[in-house]
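Working notes, structure below.
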Amino acid sequence: MKPQELKTGIFLDGGNAAESLEIRDLLGFLDGQTTNPTLISKNPEARRRLEQGMKFTEREILDFYRQVVVTISGLVPEGSVSVEVFADGSTPAEAMLTQGREMYSWIRNARIKFPCSLEGLKAAEQAVKEGMRINMTLCFSQQQAAAVYAATRGATKGQVFVSPFVGRLDDQGENGMDVVANIIALYKLGDGHVQVLTASVRTLDHLLYALKLGSDVITAPFEILKAWGEQGMPLPRPEYQYPSGSLKPIPYAEIGLDRRWLAYDIRHSLTDKGMEKFSADWKGMIGQEDVRKIA
Ligand code: G3P
């Protein structure tokens with residue numbers, strides 16, 4: 001059972017429905033799920049097939065992604081399942097939207113992930129007008145989160161998530177949790193149409209601090225949710241302090257939410273790298289002939 005005082009949505013970050021079931025059974029609830037191309041490439045059935053040297057065609061991998069998502073959707077019917085479009089540095093917004101529209105039709109609780117890049121934001125602006133629920137992924141800065149807010153103005157509450165990636169900032173010595181704190185503080189100036197989903201969670205402290213900050217949603221990998229569940233789902237006490245150690249602080253920027261989205265500085269090298277990695281993992285599952293088609 002979900003503890004009554006726990007207001008944050010708890011999502012599993014993964015691409016394997018067996019894990020979703022195990023976590024839902026352990027916690028007694030699961031509010032939703034996020035997936036991405038890397039996680040789908042780690043799905044045991046996909047791995048088995050690839051290890052036997054059998055790559056997918058482009059259609060087959062989409063059908064496989066769809067099957068995984070359909071099964072997970074049935075396990076979290078009240079929540080949402082984030083499904084990510086293929087996007088590398090040269091994918092135009094229109095191509096992301098075409099994929100997004102198809103993926104959105106897969107399940108009734110889909111939420112489409114677009115990257116926090118120029119083309120991803122263009123796609124987001126249009127997608128919300130079409131009524132799609134979206135999750136803006138690969139967010140590494142307050143400026144990107146401000147652009148997400150501005151590009152999706154007019155969306156209904158809960159229609160848009162922004163996903164700051166904590167662990168990847170930590171990996172380069174910066175305090176990723178500061179970005180979560182800064183975005184939450186920035187969004188207090190707004191109308192609440194974008195919700196903060198803390199992602200790239202690698203430790204229980206990421207989870208606890210995101211809870212303390214009041215992140216709307218947290219998505220965490222299987223091992224983290226398993227450890228949290230086995231410890232009895234602890235919540236941060238009022239005196240809880242996040243152990244940021246030697247990570248470099250990321251200060252809050254006074255940028256406001258009233259500009260046009262293109263006026264914010266949305267570039268971030270980790271967004272570009274993240275798109276490269278997701279698209280490489282996706283292409284890695286597809287046979288050569290078909291990779292040429294999406295390239
Ligand atoms: O939710 C996004 C997540 O899958 C990325 O996590 O550990 O690859 O940075 P990670």
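Index from 1, following the sequence. Just so we're clear, the structure is a prediction, and the values are computed from it rather than from any experiment.
Identified under the ring-ring contact (aromatic ring centres under 6.0 Å, His included) test for residues 89-146, with sequence neighbours left out: Tyr65-Trp106, Phe140-Phe165, Phe140-His268. Residue pairs that meet the side chain to side chain donor-acceptor pair (under 3.5 Å) test with at least one member in residues 179-189, sequence neighbours left out, do not exist here. Within the structure, every pair that satisfies the salt bridge (Lys or Arg N to Asp or Glu O under 4.0 Å) test and touches residues 11-31, not counting sequence neighbours, is listed here: Lys2-Asp31. Applying the ring-ring contact (aromatic ring centres under 6.0 Å, His included) definition to pairs two or more places apart or across chains, none involves residues 6-55. The list of side chain to side chain donor-acceptor pair (under 3.5 Å) pairs with a residue in residues 209-222, not counting sequence neighbours, reads Thr34-Thr219, Thr198-Ser215. Each salt bridge (Lys or Arg N to Asp or Glu O under 4.0 Å) pair with one or both residues in residues 122-148, not counting sequence neighbours, appears once here: Arg101-Glu130, Glu119-Lys122.
In this structure, the side-chain hydrogen bond (donor to acceptor under 3.5 Å, both in side chains) partners of Arg267, at least two apart in sequence or on a different chain, are Asp265. Under the rule for a side-chain hydrogen bond (donor to acceptor under 3.5 Å, both in side chains), the partners of Thr152 that lie at least two apart in sequence or sit in another chain are His193. Listed by chain and number, the residues in a salt bridge (Lys or Arg N to Asp or Glu O under 4.0 Å) with Glu45 amount to none (sequence neighbours excluded). Qualifying side-chain contact (heavy atoms from CB on, under 4.5 Å) partners for Lys7, counting only residues two or more places apart in sequence or in other chains: none.
If you take CD1 on Ile255 and OH on Tyr149, they are separated by 12.5 Å, rounding to the nearest 0.5 Å.
Checking Ser41 against Asp281 by side-chain atom types alone, no donor-acceptor pair falls below 3.5 Å. Residues Asp88 and Thr91 bring a donor and an acceptor atom of their side chains to less than 3.5 Å of each other. Judged by distance alone, the side chains of Tyr252 and Asp178 never bring a donor and an acceptor atom under 3.5 Å apart.
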Output a table of donor-acceptor pairs, distance under 3.5 Å, between side-chain atoms of residues 236-250 and any protein atom two or more places apart or on a different chain; print 'none' if there are none.
unit_1 : atom_1 : unit_2 : atom_2 : d
Tyr240 : OH     : Asp205 : O      : 3.4
Tyr240 : OH     : Asp205 : OD1    : 2.5
Tyr242 : OH     : His206 : NE2    : 3.4

May I have the list of side-chain donor-acceptor pairs in residues 73-87 shorter than 3.5 Å, sequence neighbours left out?
unit_1 : atom_1 : unit_2 : atom_2 : d
Ser73  : OG     : Asn109 : OD1    : 2.7
Ser80  : OG     : Arg111 : NE     : 3.1
Ser82  : OG     : Asn135 : ND2    : 3.1

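Cluster membership for Leu197 and Leu186, using ILVMFWY side-chain heavy atoms within less than 4.5 angstrom, is not shared.
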